2 protein chains.
Amino acid sequence: MERRGTSRKRDEAAFLAEYDASRYPRPSLTVDVALIQVEQGRIRSLVRKRGGHPELGKWGLPGGFVRPDESLDEAAARVLREKTGWMRVFLEQLYTFGRVDRDPRTRVVTVAYYALVDAGRLIKAEDSAMQTEWAELVVPWDGERGGTVDCRSADGHRLPLAFDHAEILGMAVRRLRGKLPYAPIGFELLPRRFTLRALQDIHEAILGHTVNKDAFRRRLLASGLISATGVRETGVGHRPAELYRFARGDRETKS
Amino acid sequence: MERRGTSRKRDEAAFLAEYDASRYPRPSLTVDVALIQVEQGRIRSLVRKRGGHPELGKWGLPGGFVRPDESLDEAAARVLREKTGWMRVFLEQLYTFGRVDRDPRTRVVTVAYYALVDAGRLIKAEDSAMQTEWAELVVPWDGERGGTVDCRSADGHRLPLAFDHAEILGMAVRRLRGKLPYAPIGFELLPRRFTLRALQDIHEAILGHTVNKDAFRRRLLASGLISATGVRETGVGHRPAELYRFARGDRETKS
DNA sequence: TGACTTATATGCGTGTAGGATATATGCTCT
DNA sequence: AGAGCATATATCCTACACGCATATAAGTCA
């Protein structure tokens, strides 16, 4: 077997030289990024009003075609960077959507990602030509059942979503609800230092129901995931809570 | 806004007529299916020895190109049907792999699926020209940390895997370990009627560690997911255990 | 018939979650 | 400055699930 190594390698090289990728039809491949933040008990996602066809006038997630020389993760990070200017943000693959007619142009398969950012973060690469909103996500189902979600602008009216993006955002919420109880992702939605109450608010907004305050505090303090800073919040009109920080991984990268 | 509906529709039709999908480079898109079963405390996956280039002689998961007229789910179901003859099997999207150089031919992105079947099931569409094995998965990491896995044949020697299939199988194990404790998927790996011990063996094989027997029984009986059949197993050399069946969903589809 | 093996039932100690209550602390208003 | 207020933080109690141990049941096998 090993003896035939070189000749097999030559065979493979010949095969590769003759290989014609266009022999099989290929769909277009894109990445879309569901950018999620939580503010004042509401889950919000960044959507942009489409200025061109198809689905002109509807709202869509930031996205783009996958280039030949970049991996899927790299494509998602590039899209995020191009549209927001952000570099070191929690970014994870979500699900791949491939319904045949999901895009009227041609067959387009999209690999959806989701990103988590704290609500205080400002978009650096603002594209003034494009209307952008942090739309509130209205989730019409309980638990991890899944389904589509609605988007509402700050002043309450509905923002119609392009393509299957309502489905993508629904999947993002479902994933968050599933991971939140055991994965350290709530911290990604908060600034470097935060109160336990703020973290609890994040959890309640995502899960869609209240959680027991005492148990939440106990579990978190016992987890070792956070450490007290010795500093307290100020100017809150009541007893100030201690500020904590995420203890694992380096969050030094955040502003 | 609504007034301009028809003219906007005409604009979009014109746009679509002129759209040229080949303007952007497109990768090839495939689906790969990690077919999983558990027998005698070992996780196994169906692999086939590649008879052609590239990666000739290595072992790979069943897979194929996504056709223009089928969704990703349909493509995965078709691949499963073509290679095994099975129709109604648990099949779920796993993850999409898109490293630039994962396939030496050209840029190929693959949407990986995993399927769960009971160990008694026989392959109906056996391709005698192709060497096929239910290879044992050796998982060199704990919990849900993730990573690649090794494949071993029944007689113990290592089966080298093609492309990034060791990574795909690792992701499948990781997903199973994550879902098993709270999702009713263990039943998919068992025949219609089974003993609690058999279900526990499945769990232990997947999780990679033993579980407490009493707590396992209590939790499962209290869950309402299974119901007793009143029938007992026979010929086991000790007190026979009661046979249970999965109580939710219709498992009538199974043989 | 008796030894053996595993299933099944029961009881107990412990740890965690949920819930209620009490105290602490900074802000605001008078 | 001091009272009132709202929320953080601490303590205690109860219910329940889990791990563990023990006892009994029901088959096979020598």
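What you see is a predicted model, and the numbers here were worked out from it, not measured in a lab. Labels below follow one simple rule: chain letters A, B, ... track the order of the sequence lines, proteins then strands, and each chain is numbered from 1.
Counting only N and O atoms by type, the side chains of A:H157 and A:D155 include a donor and acceptor under 3.5 Å apart.
A salt bridge does not link A:E74 with A:R78: none of the charged nitrogens is closer than 4.0 Å to a carboxylate oxygen. In this structure, B:R175 pairs ionically with B:E92, as a charged nitrogen and a carboxylate oxygen lie closer than 4.0 Å. Under the 4.0 Å criterion applied to side-chain N and carboxylate O atoms, B:R42 and B:E136 are assigned as salt-bridge partners. Salt bridge annotation for B:E167-B:R99: present, with a cationic side-chain nitrogen under 4.0 angstrom from a carboxylate oxygen. Using a cut-off of 4.0 Å between Lys/Arg side-chain N and Asp/Glu carboxylate O, B:E233 and B:R193 are scored as not salt-bridged.
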Could I get a table of every N or O pair under 3.5 Å where one atom is in the protein and the other is in nucleotides 9-15 of chain C?
none

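Aromatic ring centres of B:F90 and B:Y114: separated by under 6.0 Å.
Remark: A:R121 is positioned above the aromatic ring of A:W86, its terminal NZ or CZ atom under 6.0 angstrom from the ring centre and at most 45 degrees off the axis.
Nearest heavy atom pair, residue A:R177 against residue A:V139, reads NH2-CG1, 3.7 Å.
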Could you encode protein contacts along nucleotides 25-30 of chain C as a string, one character per nucleotide from 5' to 3', using B for base contact, S for sugar-phosphate-only contact and - for no contact, with a heavy-atom cut-off of under 4.0 Å?
-> BBS---

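In this structure, B:L169 and B:L61 have side chains that are in contact, with non-hydrogen atoms separated by less than 4.5 Å.
Between B:K213 and C:dA7, a side-chain N or O to OP1/OP2 separation shorter than 4.0 Å is present.
Once you apply a 4.0 Å limit to the heavy atoms of chain B, the touched nucleotides of DNA chain D run 5' to 3' over D:dC18 to D:dT28.
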